[in-house]
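These notes are about the structure you will find just below.
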Amino acid sequence: MPRTTSMTYDPSAIEAKWQAAWADTELFKAVRDARPKYYVLEMFPYPSGRIHIGHVRNYTMGDVIARYKSSCGFSVLHPMGWDAFGMPAENAAMASGGHPKTWTYDNIDVMRGQMKPLGLSIDWSREFATCDPDYYGQQQALFLDMLDAGLVYRKPAIVNWDPVDMTVLANEQVIDGKGWRSGAEVERKELTQWAFAISDMAEDLLDSLSKLDKWPEKVRLMQENWIGKSRGLQMTFKLSAPTHGHEGIEVYTTRPDTLRGASFIAVAPEHPLAKALAEDDAELAAFAADVRKGGTTEEALEKAEKRGYDTGLTVENPLGGTLPVWVANFVLMDYGTGAIFGCPAHDQRDLDFAIAYGLPADPAFKPVDADALEIAGEAYVPSKTEVVHYHFDKPFPLKDKRDFATGQEAIDAAIDWAEAQGIGTGKTQFRLRDWGLSRQRYWGCPIPVVHCDTCGVVPEKKENLPVTLPDDVTFDVPGNPLDRHPTWRDVPCPKCGAAAKRETDTMDTFVDSSWYFARFTAPHAATPTDLDDAAYWMNVDQYIGGIEHAILHLLYSRFFARAMGKTGHLPQGTEEPFDALFTQGMVTHPAYVTKDDRGRAVYHLPEEVDVSARTLRASGEAVDILPAIKMSKSKRNVVDPQDIIAQYGADTARWFVISDSPPERDFEWTPEGAEAVHKHLRRVHRLAEDIARADRSANTADADLARATARAIHEVTQGIEGFAFNKAVAKLYEFSNTLNKSDAGADARRDAMKVLAQLMAPMVPHLAEELWTMMGGEGFVMRAPWPKADPALLVDDTITLPIQVNGKKRSEVVVAKDAAKDVIEALVMEDAAVQRALNGGAPRKLIVVPGRIVNVVV
RNA sequence: GCGGGUGUGGUGGAAUUGGUAGACACAAGGGACUUAAAAUCCCUCGGACUUCGGUCCAUGCGGGUUCGAGUCCCGCCACCCGCACCA
């Protein structure tokens, strides 16, 4: 390419130069000082192998905020770490015979090396990986304190069991109800597992959502529904004849107003009564075993065909008569009492069941305007706020002897009635279950307890932490290597010294990510946190991550912040650790797939595919191209940022990923977009060169440029503050176009370019430093105080009001900013388009909204 | 199945509390410069009709409220995210 100017935009030189300068001055080291602090955090990455554009977008957003806040005078903490435990490392070990530890740390090295050229303002001195013994040892200390505080306990839990490999499977490893390796039909199996008592805090976790006013409404709503508080009725149905030590069946219902329509009782297969009956009923035992087939996800359970087994037992209905007792696969032991009464008329699941087994469907209420309610294939389920007709063929105890009520009023009335009759009590119930944390896997944080035949479960002594993972393990057979590692597993009891066994389960990786934000405030402390550091840096002022974490990760972190407060690891006021939350959209890209000889999908990296020929480059095999979906390692539809940086530089990648789509929405990577961004940055660089060379004696001030500058400052600042980076970028395009066309004097254009450099600095920091220096700016642009817009320049003296006729724009009128209504009216009536529309008549109505619009109704 | 979200030109998107639909870009087409290409610069760019003044249609679909609806309400459709052992 011929050089048309003496200097050209050379990102590789510029970026290396400024990154070195930043590093030399430790510009991003977070320090406690007199400034107000600002803690910005992006959800830390899993070290899957290489960074992809999704990472670039996520960390660029955080970096924009971090650099902006720094320019605004805050002491900024912007750390980075690695969520490093998890299944993929073990899968890689199984596939290629390596070690999860080697695989993980190698990946971290690669990804750190890919991340640093992005020029993120990260304090790398705080970096850690959750698989560092230093980190997970502190996590074990936390666990012991939580155990001591009664926040962790053991309970039975249901897992996916592969009967061929004899191993527990993750939900992800269950495909269409079958184990991913063995292909065997998965069963649900009960194991004793460790659990965090998160449901004890359900009420607080729910109530405190209202304080999170800088969280997206949708996330709060999702958490609210997940916690699922409901007030219902708990009541006991007396068995017609007591059996197996059971006098009755306790049920819980959120719709006691439907009791009149009850036509059966159903209990979960794991219900104590069902288990007792199954002991001497082979047919029931076979049924229970059969419905155990399949995975544990709520989705699988909900979608499964409704199946039941008639026990032949009956219970007394307090409203008269009896109800049959069934064992049903759609009743969950985890929720309520593990037993329900079925009301087919007003619950679709109950109706499906009733139709399958010939049970009646009698309505408890009907629509206000209906004579009767006929139930065919669809249950009648109005919302609880809708008024319906309760008191029709049979009495219903509504207040004031009314006939009509909303569902909620009727529920309350039914609970009052049941309590008065002594047949049940009102009870608040949460959908939220305790958090089972045990995993039967190697690559996780060991649970620091020992099982002793005489002492029971004994916590490891704190001075023995960390309980480190052994390195000498193999993955050639299914199951947990810790389980078959005698020298690691067999230890003396910490209490009595007798031969005992370590807990071989490790912790859910969600535990690792539930407190890392607190560890970042003192990453080298000898205790999980340092209270002084935590008091200074907490809370996270701005947390940024994917919407896919809207429920579990965020809820678990909120729980951990409370638990750490209770165990003295966090100061007061950190119960809600994330002041503001932003959920960014995903980066999407087409996916490329072929089928293996068993018909299963095999995904391929974009660089392995000849897209135009739709074939694999290596083999020529035909490839299916799926439309753009979330970039993910499993789908291999990832773009390598390294290639982009090599071609265009980091600033181009950074600018592009936040430029077009709103940050909360998905973003599709396209090669053209990157090219166009690069051209623009080159244009700005060239413009700066022109200005730097311009004759400084020709020095005319320019009011238009000053106004444009003020508006740019105002709107870019608003865009960054409001997480509308795409709008801030659009404004920067506009401002640089204006500056490019401006014929103002050199000093005026130089001042404007300095402001442009400052406004661009959060997005394209390297180029901004370069522009700043070219314009004679002193020090780092990032250290220059954020520019302020002169308010006087933001308001215009005159405004253009659109004139509508019958709601459609027909003309416009220029008026003084504060013109009186009657002045505007007079001008409007003179307008040619208005006169044409009126055709000599008078308007039916004239609407003048000052400062906005005029509408003439004819 | 349940919970949450999204839908605007060929494309990504913009549009304070209901007030000019399409800012800013991408792609495309035309032109300038050049021996040529690249680069750069300029112009056009939702659709239909037009007497070139404009007129009508148009924000997933169908209704409604309003002087005025992309925005509010009701009913659909399509796609996406989550569903507790993927991270």
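Lettering follows sequence order; numbering is per chain, from 1.
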[atom1]-based separation of [M] from [N] [nearest Å]:
{"N": "U6(B)", "M": "C61(B)", "atom1": "C1'", "answer": "16 Å"}
{"N": "A37(B)", "M": "G31(B)", "atom1": "P", "answer": "12 Å"}
{"N": "G68(B)", "M": "A15(B)", "atom1": "C1'", "answer": "16 Å"}
{"N": "G82(B)", "M": "A87(B)", "atom1": "C1'", "answer": "13 Å"}
{"N": "G13(B)", "M": "G7(B)", "atom1": "C1'", "answer": "13 Å"}
{"N": "U44(B)", "M": "G10(B)", "atom1": "C1'", "answer": "15 Å"}
{"N": "A39(B)", "M": "C57(B)", "atom1": "P", "answer": "43 Å"}
{"N": "U51(B)", "M": "A36(B)", "atom1": "C1'", "answer": "46 Å"}

As a test of reading the structure: which of [options] is closest to the side chain of [X], going by heavy atoms?
{"X": "Y556(A)", "options": "A15(B), C85(B), G5(B)", "answer": "C85(B)"}
{"X": "E172(A)", "options": "C86(B), A14(B), A87(B)", "answer": "C86(B)"}
{"X": "T509(A)", "options": "U16(B), A87(B), G1(B)", "answer": "A87(B)"}
{"X": "A730(A)", "options": "A87(B), A23(B), A15(B)", "answer": "A23(B)"}

Expressed as a whole number of angstroms, how long is the span from [X]:[atom1] to [N]:[atom2]?
{"X": "R439(A)", "N": "A87(B)", "atom1": "CZ", "atom2": "P", "result": "8 Å"}
{"X": "L554(A)", "N": "G3(B)", "atom1": "CG", "atom2": "P", "result": "21 Å"}
{"X": "K679(A)", "N": "A38(B)", "atom1": "NZ", "atom2": "P", "result": "10 Å"}
{"X": "N225(A)", "N": "G1(B)", "atom1": "CG", "atom2": "P", "result": "18 Å"}
{"X": "E299(A)", "N": "C2(B)", "atom1": "CD", "atom2": "P", "result": "12 Å"}
{"X": "W180(A)", "N": "C85(B)", "atom1": "CH2", "atom2": "C1'", "result": "12 Å"}
{"X": "R683(A)", "N": "C42(B)", "atom1": "CZ", "atom2": "P", "result": "9 Å"}

With a non-hydrogen cut-off below 4.0 angstrom, is [X] in contact with a base, only sugar-phosphate, or nothing?
{"X": "K808(A)", "value": "sugar-phosphate"}
{"X": "R431(A)", "value": "base"}
{"X": "V174(A)", "value": "nothing"}
{"X": "S438(A)", "value": "base"}
{"X": "A550(A)", "value": "nothing"}
{"X": "H553(A)", "value": "nothing"}
{"X": "G228(A)", "value": "nothing"}
{"X": "L432(A)", "value": "base"}
{"X": "G673(A)", "value": "nothing"}
{"X": "R349(A)", "value": "nothing"}

Query raised in the report: For the rings on Y9(A) and Y648(A), is their centre-to-centre separation under 6.0 Å?
Result: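 Centroid distance Y9(A)-Y648(A): not below 6.0 Å, so no.
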Measure distances between side-chain N and O atoms of [X] and base N and O atoms of [N], and say whether any donor-acceptor pair falls under 3.5 Å.
{"X": "N171(A)", "N": "C85(B)", "value": "no"}
{"X": "Q440(A)", "N": "C85(B)", "value": "yes"}
{"X": "Q193(A)", "N": "C85(B)", "value": "yes"}
{"X": "R844(A)", "N": "C67(B)", "value": "no"}

pair_partner(G1(B)), Watson-Crick or wobble, both distances < 3.5 Å, evaluates to C83(B)
U66(B) -> Watson-Crick or G-U wobble partner, both distances under 3.5 Å, gives none
Q: Check the angle between the aromatic planes of Y516(A) and F44(A) and answer parallel, tilted or perpendicular using the 30° and 60° thresholds.
A: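 Ring orientation, 0 to 90° scale: parallel.
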Notebook entry, point to check: What is the ring orientation for H55(A) with H52(A), classed by angle as parallel under 30°, tilted 30 to 60°, or perpendicular over 60°?
Noted result: tilted
Check your understanding: Can E299(A) and K303(A) be counted as an ion pair, charged N to O under 4.0 angstrom?
Key -> yes
Requested in this report: Please tell me if the side chains of R439(A) and D505(A) come closer than 4.5 Å, counting only heavy atoms from C-beta onward.
Outcome: no
As a test of understanding, state which of Q223(A), E224(A), E217(A) forms a side chain to side chain donor-acceptor pair (under 3.5 Å) with R220(A).
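Only one option passes, and that is E217(A).
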Problem set entry | Positive for ring pair (Phe, Tyr, Trp, His ring centres under 6.0 Å) with F560(A), one of F510(A), F196(A), F517(A) |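 Single pass found, and it is F196(A).
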